[in-house]
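This is a predicted model, so every value here is computed, not measured.
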Amino acid sequence: APPTHQQSRGSPALKWSANLPVSRLGQPGRFLHQLPPMSTPLQQPGLESLSKSFEPAALEAHWGPEWEKRGYGAAGHRGTGAPVAGEPAFSIQLPPPNVTGTLHMGHAFNQTIMDSLTRYHRMRGFNTLWVPGTDHAGIATQIVVERQLQEQGISRYDMGPTPPEARKNFVSKVWEWKEKSGNTITTQMRRMGDSVDWSREYFTMDDKLSAVVTDTFVKLYEQGLIYRGKRLVNWDPKLQSAVSDLEVESEEKDGSLWHIAYPLADGSGSLTVATTRPETMLGDVALMVHPEDARYTHLIGKMVNLPLCDRQIPVIADEYVDKEFGTGVVKVTPAHDQNDYAVGQRHKLPMIVVLTLQATINENAPAKYRGMDRFVARKAIVADLEAIGALVEVKKHKLMVPICTRTGQVIEPMLTDQWFVAMSKVSDQDPTGKSIAQKAIDAVASGDVKFVPENWVNTYNQWMNNIQDWCISRQ
């Protein structure tokens, strides 16, 4: 409101202020504050002492250790270390960061959310616990330590006079790295002020946890839900290990599509097959056409000669074949291709492995190619096909190549002995009559487990309803 006539005549400049009242006018809630002329800047020593940017180092160095010393993160009621009967409980197990390196922004983000939730429930009087820990990350840790050894010109196989001793010495090196790297991670968490209960810190290979893993493994095995069998897995020839689907990324590469003629055994002609991996033809066990493809129905059941190999294979029919793609004829190599493996299972075809675990050609192939690296063998096979007139044509082709994210190696589908968890099988010892996968599906359908945002339920159900048995040999 403007000043009164009397005020404007003899009083100095007047300004309104809502927070520093010095005189009250007749109108309630309105205050006047007399300020110096505008030409004189306000002195604000508090603001002037602040840094121009946020500098967290000093705050972190003080408050993180202080909170830990006071035991604010201790499990129980309001950091007392003991629960209060009748109060609700709130607990989070920290998804353990891989012990291979240091925390990044993603860790800082999700740990901030967990810390906020934990503090919120602690202040509300819940019996609260946030459990910290780190994960062994077996393959990643192995790669890090191997690279360190390589810088010294040492291989893990050279670390002892015998393989068992070399393995023992290598494992001790891995444990050394775990101590060093794990301490880095927990130091970062302490600097962030994570209100975890450090007295309960765990490592996924601690004896206590390993005992639980062993107990669970035995129980699932006795229930028929863990089994050992030959299955196609993602094999890394450098790691000498199966790797999970999560550690494989498909990259687009420039490649070739080789068209190969397979002569009919009766001499009446040939069938042409297009492939991006001609070296796998050494393990072919059939050619496949669509049962309704009029071009080939009369050939179903006939035999063809496998080029470069002294054996014959049948022509079979399967709806998996796309009649419109390529020539409409597909080679079947169950031991070296995931889709062919499924076909081989349906048709009870033999599975001929032609690669060693080092990705060289093995004794199941013609003698000429044995011992060759897979890519060297590819060139030799293409040259020999051309020499006998079986190479019809070669076309440039863009293809998706599976690459191990750990090593950069081209993944080889390999038929090996592995341990698996049966995801869709119902154990005869399970009173619920449900498989592991079905229990997980029902937990979401019932609302016991909720997704945020909810649209991810569709992705989850699609995944769970099509889930394959889980290879746990290197998980």
Side-chain angles (χ1 to χ4, degrees), residues 91-96 98 110 131 133 135-139 204 209-236 241-250 318-320 334-335 337-349 351 402 404-405 411 413-475:
S91 178
I92 296 181
Q93 177 183 313
L94 175 76
N98 287 348
N110 68 40
V131 186
D135 189 16
H136 66 281
I139 293 175
T204 48
L209 299 185
S210 294
V212 175
V213 171
T214 302
D215 182 66
T216 304
F217 185 98
V218 171
K219 285 179 179 176
L220 290 175
Y221 178 80
E222 290 173 344
Q223 293 171 19
L225 297 179
I226 282 183
Y227 64 93
R228 196 181 190 204
K230 283 192 180 294
R231 294 289 187 279
L232 269 192
V233 296
N234 303 311
W235 186 261
D236 186 316
S241 171
V243 295
S244 76
D245 291 343
L246 297 177
E247 295 169 314
V248 179
E249 289 183 357
S250 293
D318 195 286
E319 292 183 349
Y320 167 73
D337 182 272
Q338 295 285 358
N339 295 318
D340 290 1
Y341 177 81
V343 171
Q345 294 287 93
R346 286 198 295 274
H347 293 268
K348 295 181 169 53
L349 297 171
M351 300 197 182
C404 178
T405 57
I411 287 294
M414 192 73 74
L415 192 65
T416 59
D417 287 316
Q418 299 288 340
W419 289 100
F420 292 85
V421 176
M423 302 303 294
S424 303
K425 177 182 176 181
V426 177
S427 170
D428 56 11
Q429 301 177 36
D430 193 324
T432 67
K434 295 179 180 180
S435 67
I436 293 174
Q438 191 59 52
K439 290 176 183 178
I441 293 168
D442 291 349
V444 173
S446 67
D448 288 343
V449 174
K450 294 181 174 62
F451 278 85
V452 180
E454 193 175 350
N455 61 289
W456 282 102
V457 170
N458 297 327
T459 302
Y460 173 79
N461 286 333
Q462 170 70 17
W463 178 48
M464 291 303 301
N465 285 315
N466 294 280
I467 198 165
Q468 302 295 312
D469 286 356
W470 177 26
C471 175
I472 57 171
S473 299
R474 279 301 295 261
Q475 301 304 307

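- Looking at every heavy atom in both residues, Ile436 comes nearest to Ala422 through CD1-O, 3.9 Å.
- In this structure Trp235 satisfies the ring-ring contact (aromatic ring centres under 6.0 Å, His included) test with no other residue, sequence neighbours excluded.
- Met464 CE to Gln462 CD: the interatomic distance, rounded to the nearest 0.5 Å, is 12.0 Å.
- Between the CZ atom of Arg231 and the CG atom of Leu415 there is a distance of 9.0 Å, given to the nearest 0.5 Å.
- To the nearest 0.5 Å, the span separating OG on Ser241 from CE on Met414 amounts to 12.0 Å.
- By the 4.5 Å heavy-atom criterion applied to side chains, Val131 and Ile92 are not counted as neighbours.
- Heavy atoms from other residues, nucleotides or ligands lying under 6.0 Å from CD of Gln345 number more than 12.
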From CA spacing to verdict: salt bridge (charged side-chain N to carboxylate O under 4.0 Å, His left out), Asp318, Arg346
CA-CA 9 Å; Asp318 195 286; Arg346 286 198 295 274; 3.1 Å; yes

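- To the nearest 0.5 Å, atom CG of residue Leu246 and atom OG1 of residue Thr405 are 9.0 Å apart.
- Heavy atoms only, all atoms of each residue included: Pro334 and Gly344 are closest at CG-CA, 4.2 Å.
- Listed by chain and residue number, Phe451 satisfy the ring-ring contact (aromatic ring centres under 6.0 Å, His included) test with Tyr460 (two or more places apart in sequence, or in another chain).
- One finds the OG1 atom of Thr204 at 7.5 Å from the CG atom of Leu209 (value rounded to the nearest 0.5 Å).
- Asp245 is linked by a side chain to side chain contact (heavy atoms under 4.5 Å, CB included) to Asn234, counting only residues two or more places apart in sequence or in another chain.
- Listed by chain and number, the residues in a ring-ring contact (aromatic ring centres under 6.0 Å, His included) with Phe420 are Tyr227 (sequence neighbours excluded).
- Side-chain contact between Ile411 and Cys404: present, with at least one pair of heavy atoms (C-beta onward) separated by less than 4.5 Å.
- Shown here for Gln468 and Asn466, the closest heavy-atom pair between the two residues is NE2-O, 3.4 Å.
- Counting all heavy atoms, side chain and backbone alike, Tyr221 lies closest to Ile226 at CD1-O, 3.3 Å.
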The test is side-chain hydrogen bond (donor to acceptor under 3.5 Å, both in side chains); show your working for Gln438 and Asp442 and say whether it passes.
CA-CA 6 Å; Gln438 191 59 52; Asp442 291 349; 2.8 Å; yes

Atom pairs and distances, donor-acceptor, side-chain atoms in residues 424-432, under 3.5 Å, two or more places apart:
residue	atom	partner	partner atom	Å
Lys425	NZ	Gly224	O	3.0
Ser427	OG	Gln223	O	2.9
Ser427	OG	Gln429	N	3.1
Gln429	NE2	Glu222	O	2.8
Asp430	OD1	Thr432	N	2.8
Asp430	OD1	Thr432	OG1	2.6
Asp430	OD2	Lys439	NZ	2.5
Thr432	OG1	Lys434	N	3.3

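- Heavy atoms from other residues, nucleotides or ligands lying under 6.0 Å from CD of Gln338 number more than 12.
- Residues meeting the ring-ring contact (aromatic ring centres under 6.0 Å, His included) test with Phe217, sequence neighbours left out: Trp419.
- Atom CE in Met423 sits 8.0 Å away from atom CG in Asp469 (nearest 0.5 Å).
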